[in-house]
S.K.: 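Sharing a structure here in structure tokens format.
Chain naming here is simple, since letters A, B, ... match the order of the sequence lines and numbering starts at 1 in each.
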2 protein chains.
Amino acid sequence: MSVEKKIIAKQLMESYFQSQVGGNMMQNRSIYNQKPGEIMVLYFISTNVKDDSPGLKVSEISGKLNVTPPTVTQHINSLEAQALVERHADPADRRVVRILLSDKGKKYIQRINEARLNMFVGLVKHLGEEESLLFAEMMRKASDYMLTQQEFYIRNFIVDETDEK
Amino acid sequence: MSVEKKIIAKQLMESYFQSQVGGNMMQNRSIYNQKPGEIMVLYFISTNVKDDSPGLKVSEISGKLNVTPPTVTQHINSLEAQALVERHADPADRRVVRILLSDKGKKYIQRINEARLNMFVGLVKHLGEEESLLFAEMMRKASDYMLTQQEFYIRNFIVDETDEK
DNA sequence: CACATATACTTTGGTTGCTTATTTAATTAG
DNA sequence: CTAATTAAATAAGCAACCAAAGTATATGTG
């Protein structure tokens, strides 16, 4: 394996972990007075539900947010109690629950999205427009890659372990 | 404000949040049979302690990992119980605790680092060498920027809130 | 049709990782 | 020598997750 690639990989790894630890800024409860996980759910619904849609299934949300269905149910429970989302039974399959933003929920997440977008506009100015687009693309590529490699990575590590004398 | 920048910012924001939710792959307990937070501490020590160093202070670790000192204390407690790290009193200031990896801890984290590095070498191949370097640089720039903007962002959002009629 | 199996979600109980507030011990300033 | 400060540890508690078990609905097979 190329030494060059290994050196680059090391740099990439360090930047990656460094940005992981510092990077949870916009997920601070004290800012929104709302739990970060719940905001993530609201955000995801707001970017994935069209106005005429019947709403998202719990399983769709959990799949895309990479968490288990119980976790989503709990977020939805809390958000529903605050009247930020609505649950509707799916007429075609009554096991399915369709989740929609309420008007209150729409306004709420819109305000957060605007504040966040302002921050990202600042970041675009800081990085440059072309570099920002490139950065966005690389984040997508990298997280897709990591998702595909996950299983392989685990298997490799475990084999490694059983090798141990 | 430029519409162009806003569109780019939106793309950047979407990629950013998408990579946040998918991206915690290498932090999976089941892989290492060890808590992710503790691995992060081991990793940080391994990359920041030279062989002749007296070890890191709790406050140094907590500062760089962006957590409070009690959090670090708890991780160190668990790691010490597993004999992966050692606590040493600092002779110059006996309030200070110096944290060092044990031999077992060194071997342990080295094995994890190798597996992780392999994954990142794969990522470098996937993205390309030049792009990987650029990506690493942009991650650094972006997380630095977000850290500096954090306070401003919070203030802005709260002002916004009090404006609400 | 009936019943076994599968699916979609919810409930329950527990773990991890973090926080704030407080305490203990050691150092430094007046 | 005392008062204030600093470093770390302890205590109590919350948020976000998961696995396992439970409930209700749907589907496939004889």
S.K.: Which heavy atom of A/M146 sits nearest a heavy atom of B/L123, and at what distance?
M.R.: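 Minimum heavy-atom separation between A/M146 and B/L123: CE-CD2, 4.0 Å.
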S.K.: Looking at residues at least two apart in the chain, or sitting in another chain, which of them share a ring pair (Phe, Tyr, Trp, His ring centres under 6.0 Å) with B/Y43?
M.R.: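 Partners of B/Y43 by the ring pair (Phe, Tyr, Trp, His ring centres under 6.0 Å) criterion, ordered by chain and then number, come out as A/F17.
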S.K.: With the threshold set at under 4.0 Å for non-hydrogen atoms, list the residues of residues 76-98 of chain B touching DNA chain C in residue-number order.
M.R.: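 Going residue by residue through residues 76-98 of chain B, the ones with a heavy atom under 4.0 Å of DNA chain C turn out to be B/D93, B/R94, B/R95.
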S.K.: What's the CG-P distance between A/N33 and D/dA15, to the nearest Å?
M.R.: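 One finds 11 Å between P of D/dA15 and CG of A/N33, rounded.
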S.K.: Could you work out, with side chain to side chain contact (heavy atoms under 4.5 Å, CB included) as the rule, every residue matching A/L133, not counting sequence neighbours?
M.R.: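 A/L133 satisfies side chain to side chain contact (heavy atoms under 4.5 Å, CB included) with B/I8, B/Q11 only.
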S.K.: Between D/dC17 atom P and A/L65 atom CG, what is the distance in whole Å?
M.R.: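 Whole-Å distance recorded here is 8 Å.
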S.K.: At under 4.0 Å between heavy atoms, which parts of nucleotides 17-23 of chain C does protein reach? Answer with one letter per nucleotide, 5' to 3': B base, S sugar-phosphate only, - none.
M.R.: SBBBB--
S.K.: Quick one: B/I61 CD1 to D/dA9 C1', roughly how many Å, whole number?
M.R.: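 Roughly 14 Å, once rounded to whole Å.
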S.K.: With a cut-off of less than 4.0 Å, is there a side-chain N or O of B/S59 near OP1 or OP2 of D/dA8?
M.R.: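 For D/dA8, OP1/OP2 do have a side-chain N/O of B/S59 under 4.0 Å.
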S.K.: Can you see which heavy atom on B/L127 is nearest to which on B/F135, and at what distance?
M.R.: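 Minimum heavy-atom contact is CD1-CD2, 3.7 Å.
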S.K.: Looking at every heavy atom in both A/S15 and B/R140, which two are closest together, and how far apart are they?
M.R.: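 Closest pair (atom of A/S15, atom of B/R140, distance): OG-NH1, 2.8 Å.
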S.K.: Can you find a pair of side-chain heavy atoms, one from B/Q34 and one from B/Q82, that are under 4.5 Å apart?
M.R.: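 Yes. Closest side-chain heavy atoms under 4.5 Å.
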S.K.: Mind listing the side-chain donor-acceptor pairs of residues 49-57 of chain A below 3.5 Å, one per line with the distance, residues two or more places apart or on another chain?
M.R.:
from	atom 1	to	atom 2	distance (Å)
A/S53	OG	A/G55	N	2.9

S.K.: For residues 83-101 of chain B, which residue pairs pass the side chain to side chain donor-acceptor pair (under 3.5 Å) check, not counting sequence neighbours?
M.R.: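 Found B/N77-B/R87, B/E80-B/R87, B/E86-B/H88, B/D90-B/R98, B/D93-B/R95.
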S.K.: Round to a whole Å and report the spacing from CD1 of A/I39 to C1' of D/dA16.
M.R.: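 Spelled out: CD1 on A/I39 to C1' on D/dA16 is 14 Å.
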